[in-house]
Amino acid sequence: MKTRTLLLTVILSACPGIAAAASCSVMNLTRCLDSVCAINVSSNPSARCQYCGTSSAGEPPSQRGGMVSLSVGASARYTISEDELEDAPTDPGQRYAWATAKCIEKIDGCTPDDVTDNYDKLIEQSCRAAGVSAQLAATLADRAKPSATLSSCTTSIRACMIAANRCGSDWSNCADDASFNEFLSTCGVQENNCSEFMPDVRTAMTEDRDSAIANAGALIENIIKGYQNAREQKLASARQACTDGTSRTSCVETVCERNMPNKCGQGYESERVNAELLCEFYDLACELLDLQ
């Protein structure tokens, strides 16, 4: 199945959220692929081979009698709709590639390797049931590698670049040009059929990185500004309290109420004097603010 892996390396979805750190749900990926490649599989064990294996297995009955849903109640979240299936190629090889691109876009975290590692064996089983497993192997060997496009190269190289062990999804590991250039070179070599598009890919990746880092910087600036505003508001409140004397007065009343036996009542002026002495630290604080 290594040939199938090479066949699909450049067939990635246009969704940039496919990152190495994401986890592919094999169950949901299989559901999605089956909605394209295993129509009526319960009554036709050769369906996967006929739809997405080799034309040697014959034309699937549903193509002659009209499309029939894979299963009643299948989740539309993880399957390709019947309306979308109208655009699916009838050639098994092209249909396999089409299904892979569609399902990678629909199921987060999945890659062509997940398809080849998990779904190809189901196609092989189907082709064995149809008695054409040898023809399938020959078909895979004969399938031409699809031509790269700027879109497919940009998508695949972006997925490579934002892997956790490279730039990261926030591009923070590539803030310096040296790291950025090193990872771009590595990813470009992996996608060796994208060399003619590399100048445009570099421009797109540079814009992605600069935008991500600029947005991160703006977020930090907003956080800092928020703390500065809070500090300035507290400082303004303190200055106002020094100007009108409310804080010191409040302190005296609190000491009288909570600490003086007679609560600084009439005839106990000495208690109020002591309370005022205890609250003199407000005078010191206001002096530090140069407001007294």
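When side chains are defined from C-beta on, Phe180 counts as touching Met161, because their heavy atoms get closer than 4.5 Å. Residues Cys103 and Val115 fail the side-chain proximity criterion, which asks for heavy atoms closer than 4.5 Å. Between Ile80 and Cys32, some side-chain heavy-atom pair lies under the 4.5 Å cut-off. Residues Glu86 and Glu82 have side chains not in contact (no heavy-atom distance under 4.5 Å, counting atoms from C-beta outward). Contact annotation: the side chain of Leu122 approaches that of Thr30 to within less than 4.5 Å [non-hydrogen atoms, C-beta and beyond]. Under the 4.5 Å side-chain criterion, counting only non-hydrogen atoms from C-beta, Asp283 is in contact with Arg248. Proximity of Pro92 to Gln50: side-chain heavy atoms (C-beta onward) are nowhere separated by under 4.5 Å. You'll find the side chain of Val36 stays beyond 4.5 Å of the side chain of Tyr96, heavy atoms only.
The minimum heavy-atom distance linking Cys110 with Ile104 is given by the pair O-CG2, 3.3 Å. For the pair Cys279 and Val252, the tightest heavy-atom approach, listed with the atom from each and the gap, is SG-N, 3.4 Å. The shortest non-hydrogen separation linking Leu150 to Thr154 is O-OG1, 2.7 Å. Nearest heavy-atom pair across Leu85 and Ser35 is CD1-O, 3.5 Å. Counting all heavy atoms, side chain and backbone alike, Ser126 lies closest to Cys49 at OG-N, 2.9 Å. The two residues Ile157 and Gly188 have their closest heavy-atom pair at CD1-CA, 4.4 Å.
Under a 3.5 Å cut-off, the side chain of Asn173 and the backbone N or O of Arg166 do form a donor-acceptor pair. With hydrogens and angles disregarded, a donor-acceptor distance shorter than 3.5 Å links the side chain of Ser156 to the backbone of Cys153. With hydrogens and angles disregarded, a donor-acceptor distance shorter than 3.5 Å links the side chain of Arg95 to the backbone of Pro89. The backbone N or O of Ser152 lies less than 3.5 Å from no partner atom in the side chain of Thr155, so there is not a single donor-acceptor pair. Put simply, the side chain of Asp91 gets close to the backbone of Gly93: a donor and an acceptor are under 3.5 Å apart.
In this structure, SG in Cys251 is found 4.0 Å from CZ in Phe281, a value given to the nearest 0.5 Å. Rounding to the nearest 0.5 angstrom, the gap separating the CH2 atom in Trp171 from the CE atom in Met205 is 5.0 Å. Interatomic distance, CD of Gln125 versus CG of Asp120, reported as 11.0 Å (0.5 Å rounding). The SG atom of Cys174 lies 11.0 Å from the CG atom of Asp210; values are rounded to the nearest 0.5 Å. Atom OG of Ser23 is separated from atom CG of Asp114 by 8.5 Å, given to the nearest 0.5 angstrom. Between Cys256 atom SG and Glu271 atom CD the span is 7.0 Å, to the nearest 0.5 Å.
Side-chain contact annotation: Ser43 with Asn40, donor-acceptor N/O pair under 3.5 Å absent. In this model, a donor atom of one side chain and an acceptor atom of the other lie less than 3.5 Å apart for Ser81 and Glu84. A donor-acceptor contact closer than 3.5 angstrom links the side chains of Asp170 and Ser172.
Note on Ile123: it does not cluster hydrophobically with Val26, by side-chain heavy-atom contacts below 4.5 Å among ILVMFWY residues.
Hydrophobic side-chain contacts under 4.5 Å tie Leu278 into a cluster, directly or through other members, with Val255, Met260.
Residue pairs meeting the side chain to side chain donor-acceptor pair (under 3.5 Å) criterion with at least one member in residues 178-188, sequence neighbours excluded: Asp176-Ser179, Asn181-Arg202. Among residue pairs with one or both ends in residues 39-58, those qualifying as salt bridge (Lys or Arg N to Asp or Glu O under 4.0 Å) are Asp34-Arg48; sequence neighbours excluded.
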*asked:* Evaluate Glu253 against Arg272 for side-chain contact (heavy atoms from CB on, under 4.5 Å), listing each step before the verdict.
replied: CA-CA 9 Å; Glu253 295 302 326; Arg272 180 168 294 278; 3.1 Å; yes
*Go through the steps for Arg209 and Asp177 under the test side-chain contact (heavy atoms from CB on, under 4.5 Å), then give the verdict.*
CA-CA 10 Å; Arg209 180 199 65 169; Asp177 289 338; 2.9 Å; yes
